[in-house]
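The structure presented is a predicted model; accordingly, all values stated were derived computationally and were not measured. No hydrogens, no waters, no symmetry mates; every other heavy atom, side chains included, goes into these values.
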Amino acid sequence: MEPNEPAFDLDRYLRVSGATKPECFDWTTTTPQPRLSDDALFTIAYMMDIESHTIVYLRDLLSTRVVRDNEVTAFLSCWAYEEFFHSMLLRRFLATQGVAIDDRRFADLRSRTSFADRIIRPGIAILSRMTRHFPAVHMTFGAINEISTLTGYQALISRTDFARDRSGSQRPLLTTILERIIKDERRHFAFYFNQARGRLRAPAARRLTAFLVRNFWTPVGVTVRGDPAMRRVCAYLFPGESGVERLAAVDRSVARLPGLEWFDLGARYARRVQASDRPVFFPTEARSSG
């Protein structure tokens, strides 16, 4: 299934849904993967942090009118479970690279409140009570986040698996893990995209969603880890013009949603990162805490 042609069968998803747990992989006999670069480890840790933060997103969503939709709540129950184990997988992989992650890291992230969170969270709750079209907004942001996430994982494979076209040889452990995670993320994207496409048929939903996306969209995880960290991740995963084009392809998929034909925010963000004169580098973080 291509990301721009999603299909989703909720009943089947609920039947087959299950976490990809660390026990799915043989961590003892697999040939250890060579030490990755600091940028790669930083990026994996960033992804781990965002996956672990899903429970906070779920808490906020269930305080809105989304909780009244049986299909959405059924999906979110499985979605949060799968995302949690994505974080566990990435944490386990980082340990094989000598990067120890303390439990306090996740507690600190969940207790940290950014300025955006202090404004956005109350605003979401109010907006949900004011309009029946809030689920269209949530589904649209969800679709953008999921396709951005799976594209990031694909880019990480490209940046770390230099022998991915080699036949007859063992695949790197990280590639195997990320490909399993990507399968989950594709299903997640398909659900959000189809839900958004249906809910955006209403003109009022299109206007509201377009306004909020234009004014409040940020790359995945910025409200958790901050923009400097995201800029480092973006610069590593999507370098040069080929990186911009990769994100432009994501933008084109999002632009298939009604009312978002103008969407080009991912590629624009990548260009700003590349044009920045400030170096995005934290030389000790990847080795000490990811």
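- Between Ala210 and Trp262 the shortest heavy-atom distance is O-CZ2, 3.7 Å.
- Asn145 places no side-chain N or O within 3.5 Å of a backbone atom of Val220 that could act as its donor or acceptor partner.
- Between Phe191 and Val72, the closest heavy-atom pair is CZ-CA, 4.0 Å.
- For the atom pair OH (Tyr269) and CE (Met230), the distance works out to 5.5 Å, reported to the nearest 0.5 Å.
- At distances below 3.5 Å, not a single donor-acceptor pair connects side-chain atoms of Thr209 with backbone N or O atoms of Arg206.
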Met47 and Leu237: side-chain contact (heavy atoms from CB on, under 4.5 Å), yes or no, with the steps? CA-CA 12 Å; Met47 292 170 163; Leu237 291 180; 3.9 Å; yes

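- Proximity of a side-chain donor or acceptor of Gln274 to a complementary backbone N or O of Ala235 within less than 3.5 Å is not detected.
- When all heavy atoms of Arg225 and Ala229 are compared, the pair lying nearest together is O-CB, 3.7 Å.
- Between Arg187 and Glu146, none of the side-chain N atoms (NZ, or NE/NH1/NH2) sits under 4.0 Å from a carboxylate O, so this pair counts as no salt bridge.
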Working for side-chain contact (heavy atoms from CB on, under 4.5 Å), residues Val233 and Phe42: CA-CA 8 Å; Val233 169; Phe42 183 92; 4.0 Å; yes

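- In this structure, Leu257 and Thr140 approach most closely via the heavy-atom pair CD1-CG2, 4.1 Å.
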Any chance you could lay out the side-chain contact (heavy atoms from CB on, under 4.5 Å) test for Arg91 and Arg105, step after step, and finish with the verdict? CA-CA 11 Å; Arg91 179 179 182 177; Arg105 176 191 184 99; over 6 Å; no

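- Side chains of Arg271 and Glu241 form a contact here, defined as non-hydrogen atoms less than 4.5 Å apart.
- The aromatic rings of Phe85 and Tyr81 sit perpendicular, their planes meeting at an angle over 60°, well past the 30° parallel limit.
- To the nearest 0.5 angstrom, Leu178 atom CG is 10.5 Å from Glu185 atom CD.
- For the pair Ser37/Tyr236, a side-chain contact is recorded, criterion being any heavy-atom separation below 4.5 Å from C-beta on.
- Considering Leu36, Asp161, Leu89 in turn, Leu36 is the only one that fulfils the side chain to side chain contact (heavy atoms under 4.5 Å, CB included) rule with Leu174.
- Using modelled atom types, no side-chain atom of Ser276 and backbone atom of Arg272 make a donor-acceptor pair closer than 3.5 Å.
- Smallest separation of non-hydrogen atoms from Asp251 and Ala267: OD2-N, 2.9 Å.
- Salt-bridge check for Arg231 with Asp227: passed, with a basic side-chain N closer than 4.0 Å to an acidic carboxylate O.
- Glu83 contributes atom CD, which lies 14.5 Å from atom CE of Met88 (distance to the nearest 0.5 angstrom).
- By the 30° and 60° cut-offs, the orientation of the rings of Trp217 relative to Phe263 is perpendicular.
- Shortest non-hydrogen contact noted between Arg199 and Ala136 is CB-CB, 3.7 Å.
- Cluster annotation: Phe84 is not connected to Trp79 through the hydrophobic network of ILVMFWY side chains, with a link wherever side-chain heavy atoms come within less than 4.5 Å.
- Taking CZ from Phe238 and CZ from Arg246, the interatomic distance works out to 6.5 Å, rounded to the nearest 0.5 Å.
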Could you give me the CA-CA distance, side-chain angles and deciding distance for Tyr46 and Arg232, then say whether side-chain contact (heavy atoms from CB on, under 4.5 Å) is met? CA-CA 10 Å; Tyr46 183 99; Arg232 181 179 181 182; over 6 Å; no

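- Val244 and Ile144 sit in two unconnected hydrophobic clusters of ILVMFWY residues. Membership requires side-chain heavy atoms under 4.5 Å apart, directly or through other members.
- Looking at heavy atoms from C-beta onward, Arg256 lies in side-chain contact with Arg197 at the 4.5 angstrom threshold.
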Check the pair Phe216, Phe141 against ring-ring contact (aromatic ring centres under 6.0 Å, His included), reporting the backbone distance first and the verdict last. CA-CA 10 Å; Phe216 294 100; Phe141 273 95; 8.4 Å; no

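- One N or O on the side chain of Gln97 and one on the backbone of Pro34 form a donor-acceptor pair closer than 3.5 Å.
- Atoms CD1 and CG, on Ile44 and Asp49 in that order, are 12.0 Å from each other to the nearest 0.5 Å.
- Judged by the 6.0 Å distance and 45° axis criteria, Arg186 is not positioned over the aromatic ring of Tyr153.
- Atoms CG and OG1, from Leu90 and Thr43 in turn, are 11.5 Å apart once rounded to the nearest 0.5 Å.
- In summary, Asp264 and Arg268 engage in a salt bridge, as defined by a charged side-chain N under 4.0 Å from a carboxylate O.
- Looking at Thr54, its side chain does come within 3.5 Å of a backbone N or O of Glu51 through a donor-acceptor pair.
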